[in-house]
Amino acid sequence: MMNIKNRTRVVIKCFYSFIEVVAWFGYIFLGGIVLLVFVDVGGRYIFNKPLLGAFESVELAMNIVAGAAVMYTTVKRGHVSIDILTTRFSRHTQIIMQSVFSFLGFVAWLATAYQVFLLALSFLKRGVITNVLSINCAPTLFFLATAVFLSSLTSLIQIFDHGVSDVTVFEEGGRSQ
Amino acid sequence: MSSELIGGIGFGIMLLFMFLGLPIWICMFLVGAAGITVLGNLHQAWNVVATCAHNVASDYTFATLPVFLLIGEFADISGMMNESYNALNTLVGKLRGGLAMASILGAGAFSCISGSSMACSAIMTRVALPQLIDRKYDPELAAGALAAGGTLGNLIPPGTVLIIYALLTDVSLGKLFVACYIPGFLLAFMYLVQIYIQCTLKPSLGPGASSSTWKAKLLSTKDLSPVLVSLIVILGGIQFGVFTPNEAASVCTVFIFIYAVVRRTVTGQNLLGAFKNTLVSTGMVFAIIISSQIFTVFSALSKLPQALSVWLMEFHLSGLGLVILIMVIYAILGIPLNVISVMLLTMPIFLPLLVAFKVDLLWFGILTITQCELANLSPPVGVNLFIVAQMGKPYGISMGTVFKGSIPFCVTCLVFIIVLIAFPQISLFMVSQMK
């Protein structure tokens with residue numbers, strides 16, 4: 001029994017490490033978007049030569065940023081909810097409710113991941129490409145589907161791991177909403 | 001069962017789930033998808049889910065959001081907010097209530113580069129509260145001013161809620177940004193006047209500091225330059241058609257990042273923290289925008305907005321009457337709900353009504369955001385109040401103190417909303433001058 005528990009812990013630890021790796025794609029592509037647009041603006045006004053396909057590249061990169069973002073938000077339990085009533089319930093009730101909510105989150109993410117995956121598959125089959133640079137649109141959609149699937153797995157874990165006190169939504173550094 | 005009734009039931013179930021504490025995006029997602037299945041079919045619902053996720057994720061306008069959030073993070077890292085606050089303090093600190101005024105102006109300055117009320121309140125409280133308490137400012141006035149400063153976070157562009165509103169309503173984000181500047185600065189000015197009046201009537205509330213020399217004042221403006229440059233790039237760039245909002249955001253991000261690097265305030269840890277925080281906020285907004293769009297499709301299928309529209313027309317309600325009615329509803333909803341929830345919850349229903357009544361969506365957007373910001377400032381559940389109370393604990397500031405201190409600012413904000421309703425030109429003037 002103890003062995004299973006330890007193994008589960010190791011698996012979950014590995015899963016969260018993998019999530020961190022996937023989140024790095026989000027950081028890199030977000031930084032990339034900023035630089036891409038900056039270079040495009042510089043090229044347009046200084047060299048009179050805008051970056052070819054900057055617009056569509058940003059749109060493609062956003063699939064990766066958005067995917068990594070939802071996944072990371074789910075891990076950090078950063079989704080907005082109204083807690084004016086729930087705080088009045090007993091701790092036991094709150095734990096049960098959190099588990100139910102996590103299950104519903106799992107269902108919603110799983111459905112979204114599957115549908116986005118099907119869409120990506122259809123993009124791949126039809127060979128949908130961008131207008132200017134002719135980049136295949138499917139890979140970034142596959143990334144989005146994968147990230148959303150990881151969100152659903154996170155929600156699945158959170159059904160059993162409902163503790164919220166040990167999670168810090170905001171890291172050291174700046175602050176956002 | 002009629003489709004309108006199904007729409008009404010769906011709306012009620014969503015509200016119930018929300019108040020039970022289910023994350024907002026899940027409420028809208030599940031009710032929306034289930035509603036589309038009932039009114040259409042399962043295949044249609046799945047199609048909507050995939051299309052909404054893809055459309056939102058690859059929307060160029062949506063890319064503006066993380067980039068503007070990143071600016072706020074970098075601005076915080078660079079320490080420019082502390083310097084701006086000190087500079088403003090040098091400029092207006094001599095006046096009665098000057099330090100509280102500097103807090104409002106500092107919040108306004110931070111709002112020019114960041115789009116979050118909560119971040120604005122939190123950062124200004126961290127920067128200004130120790131000085132306000134040190135200078136024997138009345139804790140109620142201090143706490144009220146810091147919470148009120150936060151309301152400028154979303155009203156002065158770039159505001160997160162402005163971006164969400166633009167995405168929900170298809171209003172031009174550039175126009176919305178430009179339209180918000182005058183109302184945002186006007187609200188800041190009204191807060192300043194209110195503080196001045198309060199401190200004139202009761203000088204013990206906010207004693208004036210010793211006067212600074214003109215040389216010190218002139219030198220202090222140097223510290224405001226990063227904020228001013230950002231303001232010029234964003235406002236000037238968009239107003240004169242030089243940049244799109246996304247381009248202005250990217251240029252500003254690079255500029256502030258270089259500023260932080262030059263000042264040696266960037267470390268690997270805080271840089272990673274900045275990206276992580278940006279990702280968390282982006283993911284939260286992304287999830288609720290997707291689910292809101294799914295719910296919008298359900299709402300349209302149910303024909304509930306059209307039925308409401310017909311019903312309201314029977315009362316011979318004008319566009320202005322409708323706007324006032326919606327503002328009253330927002331005031332009520334704003335008590336238990338937060339800014340984004342109110343907008344997401346109501347927009348699928350109200351947007352078709354507003355279009356039918358030919359209400360200017362730019363003007364309405366500014367009104368909505370102000371009304372929602374008022375909700376952030378109003379006791380008993382205003383988010384800004386909680387932030388100030390939480391951070392003010394070590395200084396002996398209780399929740400009651402923050403509540404009392406916020407009331408005069410709530411009144412000012414309410415007067416401001418009435419002024420905006422009475423004079424739509426305040427919101428629309430800048431847009432009419434846009435190139």
Side-chain angles (χ1 to χ4, degrees), chain A residues 23 26-27 30-31 33-38 40-41 45 55 58-63 65-74 76 78-86 94 97 100-101 104-105 107-108 111-112 114-116 118-119 137 140-141 144 148 169-177, chain B residues 18-26 29-30 46 49-50 53-54 57-60 62-63 66-67 69-70 72-74 76-77 116-119 122-123 160 243 246-247 250-251 253-254 269-284 286-288 336-338 340-341 381:
Chain A
Y27 312 148
L30 177 56
I33 287 173
V34 173
L35 284 179
L36 193 75
V37 177
F38 182 74
D40 180 40
V41 171
Y45 287 110
F55 190 89
V58 168
E59 288 187 332
L60 285 181
M62 268 313 288
N63 278 322
V65 174
V70 283
M71 179 198 69
Y72 202 65
T73 311
T74 310
K76 292 287 178 183
H79 292 293
V80 185
S81 59
I82 300 159
D83 58 359
I84 46 170
L85 278 183
T86 45
Q94 282 186 40
M97 285 173 78
V100 173
F101 296 165
L104 292 174
V107 172
T112 310
Y114 182 60
Q115 290 308 316
V116 175
L118 290 182
L119 189 69
C137 296
T140 56
L141 261 184
L144 179 64
V148 175
V169 173
F170 290 108
E171 301 289 326
E172 197 176 316
R175 272 184 153 282
S176 290
Q177 180 151 357
Chain B
M18 269 189 193
F19 279 99
L20 282 175
L22 185 64
I24 291 164
W25 81 268
I26 303 179
F29 182 100
L30 293 178
W46 288 145
V49 168
H54 174 241
S58 55
D59 188 342
Y60 190 78
F62 184 63
V67 184
L69 289 170
L70 200 58
E73 299 291 339
F74 286 167
D76 193 21
I77 288 173
S116 160
S117 293
M118 283 162 66
I123 287 172
T160 313
F243 301 132
N246 200 352
E247 290 170 351
S250 297
V251 171
T253 308
V254 172
Q269 200 186 6
N270 63 21
L271 190 62
L272 190 62
F275 275 98
K276 283 183 175 179
N277 287 345
T278 303
L279 231 51
V280 169
S281 304
T282 306
M284 180 262 288
F286 177 66
I288 48 185
L337 300 176
N338 70 4
I340 297 172
S341 322
V381 287

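Below, chains carry the letters A, B, ... as their sequence lines are ordered, and counting in each starts from 1. Side chains included, hydrogens not; waters and symmetry mates left out as well; all remaining heavy atoms used.
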Item to check | Region of A:Tyr114 in contact with chain B, defined by heavy-atom distances below 4.5 Å | outcome: neither
Answer with side chain, backbone, both or neither: which region of [X] has an atom nearer than 4.5 Å to a non-hydrogen atom of chain A?
X       : value
B:Leu20 : both
B:Phe29 : side chain
B:Leu22 : both

Can you see which heavy atom on [X] is nearest to which on [Y], and at what distance?
X        : Y        : answer
B:Trp25  : A:Gly105 : CH2-O, 4.2 Å
B:Leu279 : A:Ala69  : O-CB, 3.4 Å
B:Phe275 : A:Gly31  : CE2-N, 3.9 Å
A:Val34  : B:Ser250 : O-CB, 3.7 Å
A:Asp40  : B:Glu247 : OD2-OE2, 4.1 Å
B:Gly21  : A:Ser81  : O-CB, 3.4 Å

Next on the checklist: For chain B, which candidate among A:Val107, A:Leu118, A:Leu104 shows the most heavy-atom pairs at distances under 4.5 Å?
Outcome noted: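 The residue among A:Val107, A:Leu118, A:Leu104 with the greatest pair count is A:Leu104.
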Next on the checklist: Quick check on the interface: out of A:Leu30, A:Val100, A:Ile33, A:Leu36, who has the most heavy-atom pairs with chain B under 4.5 Å?
Outcome noted: A:Leu30
Checklist outcome for this item: Max heavy-atom pairs within cutoff under 4.5 Å with chain A, candidates B:Ala63, B:Ser58, B:Ala50, B:Ala287, goes to B:Ser58
Item to check | Greatest number of heavy atom pairs closer than 4.5 Å to chain A - which of B:Asn246, B:Thr282, B:Val254 | outcome: B:Val254
Could you tell me whether the side chain of [Y] reaches within less than 4.5 Å of the side chain of [X], counting heavy atoms only?
X        : Y       : answer
A:His79  : B:Ile24 : no
B:Phe243 : A:Tyr45 : yes
A:Val116 : B:His54 : no

Checklist entry - Going through the checks in order, is the side-chain contact (heavy atoms from CB on, under 4.5 Å) test met by B:Asp59 and A:Glu59? => result CA-CA 6 Å; B:Asp59 188 342; A:Glu59 288 187 332; 5.7 Å; no
Item to check | Distance in Å, B:Thr278 OG1 paired with A:Tyr72 OH, rounded so as to fall on 0.5 Å steps | outcome: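 Atom-to-atom, B:Thr278:OG1 and A:Tyr72:OH are 11.0 Å apart.
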Next on the checklist: One pair to check against side-chain contact (heavy atoms from CB on, under 4.5 Å): A:Tyr27 and B:Lys276. What are the steps and the verdict?
Outcome noted: CA-CA 8 Å; A:Tyr27 312 148; B:Lys276 283 183 175 179; 3.0 Å; yes
Item to check | Backbone N/O of B:Val280 and side chain of A:Thr73: donor-acceptor pair under 3.5 Å | outcome: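 Confirmed, A:Thr73 side chain pairs with B:Val280 backbone.
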